[in-house]
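A short write-up of the structure that comes next.
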Amino acid sequence: MGYPDRPGWLRYIQRTPFSDGVLYGSPTFESVGKPTIIEITAYNRRTFETARHNLVINIMSGEDFPLPYQAEFFIKNMNVEEILASEILGDFLGAVKNVWQPDRLNAINITSALDRGGRVPLPINDMKEGVYVMVGADVPFSSCLREVENPQNQLRCSQEMEPAISCDKKFRAQFHIDWCKISLVDKTKQVLITQELMRGEGILPDAGEYKPPSETLKTRDYYIDFLITLAVPSAVALVLFAILAYIMCCRREGMEKRNMQTPDIQLVHHSAIQKSTKELRDMSKNREIAWPLSTLPVFHPVTGEMVPPLHTDTYDNTNMPLMQTQQTLPHQTQIPQQQNAGQWYT
């Protein structure tokens, strides 16, 4: 009441709009002795009738009933709202009491596995989220609970195998305990380190009169900074450009020095190759050569007589087109063609 949200230690869960809502949590030491008023407002979805109820929670200190030995169990087959039911929580505390045999046993904290970074289970096979339940007692841990600390069981837990615990059968009927996640805390062995606080008067020592900076600031000349920033890299780039230009332009040996260092036989071979290349290029310009014999007809296709070549040796074939037009040659055989009227003509 009077705040926009619940206290930080108090949680609320309601699975569906038709299921019971559950408030749960463990108060902190700052809330001891202060009544916490929870304002609950509800309304009817059909009639929109509104109801309001104030829940007063009185928090008392637990130092009057110390529970130095605390054990935290992880129950895999329960959700947090299921374990908060009085009969279920009573059955679990009864099973722990049979194993531990303490004079006083109380539940200290109940936390959902989702609040510890657990994953939301898949909606198959009625899987549960899991819940952490911390209980405290006034006597040391039993030998059954100490079995979790054995090296063999620790090795099995590291290999993701279920450890062998003798008292697991006392929980198995209703609660599936993950013994690899059990935590045993003995507060009697914890050494509390307290640091004495030196409380003073709350007044800082006198360090003189405060002098704020002057309102008028001196103008600063950035000309030298500009020269250092721009001129120095430009000068270095200019020097590198000059060195590169000298290497590329002024250090060339020339053709005379190259020919002097080249063997004579290599120069002769090079000259011969150049001459041959020049001759081939000149020959490619003159196409006045005889046609290949394979392209000339040898026999007449009808009479079988030998036919002279189509062109004489003096025929200029350089200007001959690639595809000649059809023309009647002296030794060309004409094929009969059919007219539209169905008559043959030659």
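For reference, positions follow the sequence shown, starting with 1.
Residues F171 and V96 meet the side-chain proximity criterion, which asks for heavy atoms closer than 4.5 Å. K181 has its side chain out of reach of W179: every pair of non-hydrogen atoms, C-beta onward, lies at least 4.5 Å apart. Between K97 and Q101, every side-chain heavy-atom pair lies at or beyond the 4.5 Å cut-off. Looking only at side-chain heavy atoms (C-beta outward), Y132 and D115 stay at 4.5 Å or farther from each other. D225 places a side-chain heavy atom less than 4.5 Å from the side chain of R220. Residues I13 and V80 meet the side-chain proximity criterion, which asks for heavy atoms closer than 4.5 Å.
Ring centroid separation for the pair F73 and F92 comes in under the 6.0 Å cut-off.
In terms of heavy atoms, R45 sits closest to P17 at NH2-CB, 4.0 Å. Closest non-hydrogen pair, F175 versus M78, comes out as CE2-CE, 3.8 Å. Across all non-hydrogen atoms, the minimal contact from T111 to V131 is O-CG2, 3.3 Å. In terms of heavy atoms, C180 sits closest to M161 at SG-O, 3.8 Å. Looking at every heavy atom in both residues, E149 comes nearest to Q154 through CA-NE2, 3.7 Å. For P102 against L105, the heavy-atom pair with the smallest separation is CG-CB, 3.8 Å.
Note on L230: it clusters hydrophobically with L227, by side-chain heavy-atom contacts below 4.5 Å among ILVMFWY residues. Put simply, Y246 and L240 are part of two different groups of oily side chains (I, L, V, M, F, W, Y) that touch within less than 4.5 Å, one to the next. Note on L184: it clusters hydrophobically with I110, by side-chain heavy-atom contacts below 4.5 Å among ILVMFWY residues. Grouping the Ile, Leu, Val, Met, Phe, Trp and Tyr side chains by contacts below 4.5 angstrom, directly or via other members, places V239 with I247. Placement of Y69 and V185 in two distinct hydrophobic clusters is found when ILVMFWY residues are connected by side-chain heavy-atom separations under 4.5 Å, directly or transitively.
Taking CZ of F74 as the start and CD1 of I177 as the end, the distance is 9.5 Å to the nearest 0.5 Å. With rounding to the nearest 0.5 angstrom, the CG atom of L89 is 9.5 Å from the CD atom of E87. Remark: N54 CG to I37 CD1 distance equals 6.5 Å, nearest 0.5 Å. With values rounded to the nearest 0.5 angstrom, M134 atom CE is found 6.5 Å from I108 atom CD1. Note: D91 CG to S86 OG = 9.5 Å, rounded to the nearest 0.5 Å. Here the CD1-CG distance, from I88 to L93, works out to 11.5 Å after rounding to the nearest 0.5 Å.
When hydrophobic side chains of Ile, Leu, Val, Met, Phe, Trp and Tyr are connected at separations under 4.5 Å, L23 ends up clustered with W9, L10, Y12, V32, I38, I40, L55, I57, I59.
A donor-acceptor distance shorter than 3.5 angstrom exists from the side chain of Q14 to the backbone of S19, with no hydrogens or angles considered. Between the S142 side chain and the V99 main chain, a donor and an acceptor come within less than 3.5 Å of each other. A donor-acceptor pair is defined here as one N or O able to donate and one able to accept, closer than 3.5 Å; no such pair exists between the side chain of S271 and the backbone of V268. Within the 3.5 Å criterion, the main-chain N or O of E81 finds no donor-acceptor partner in the side chain of N79. Put simply, the side chain of N153 gets close to the backbone of E147: a donor and an acceptor are under 3.5 Å apart.
Here salt bridge (Lys or Arg N to Asp or Glu O under 4.0 Å) pairs that include residues 20-34, with residues two or more places apart or in two chains, number zero.
Counting heavy atoms of neighbouring residues, nucleotides and ligands inside a 6.0 Å radius, atom CE of M60 does not exceed 12 of them. No more than 12 heavy-atom neighbours from other residues, nucleotides or ligands sit within 6.0 angstrom of CD on E160. For I224, the CD1 atom counts as loosely surrounded, since its 6.0 Å shell holds 12 or fewer non-hydrogen atoms of other residues, nucleotides or ligands. Within 6.0 Å of CD in Q274 there are more than 12 heavy atoms belonging to other residues, nucleotides or ligands.
One finds a salt bridge joining E162 and R172 here, because a Lys/Arg side-chain nitrogen approaches an Asp/Glu carboxylate oxygen to under 4.0 Å.
Side-chain polar atoms of H270 and Q266 form no donor-acceptor pair below 3.5 angstrom.
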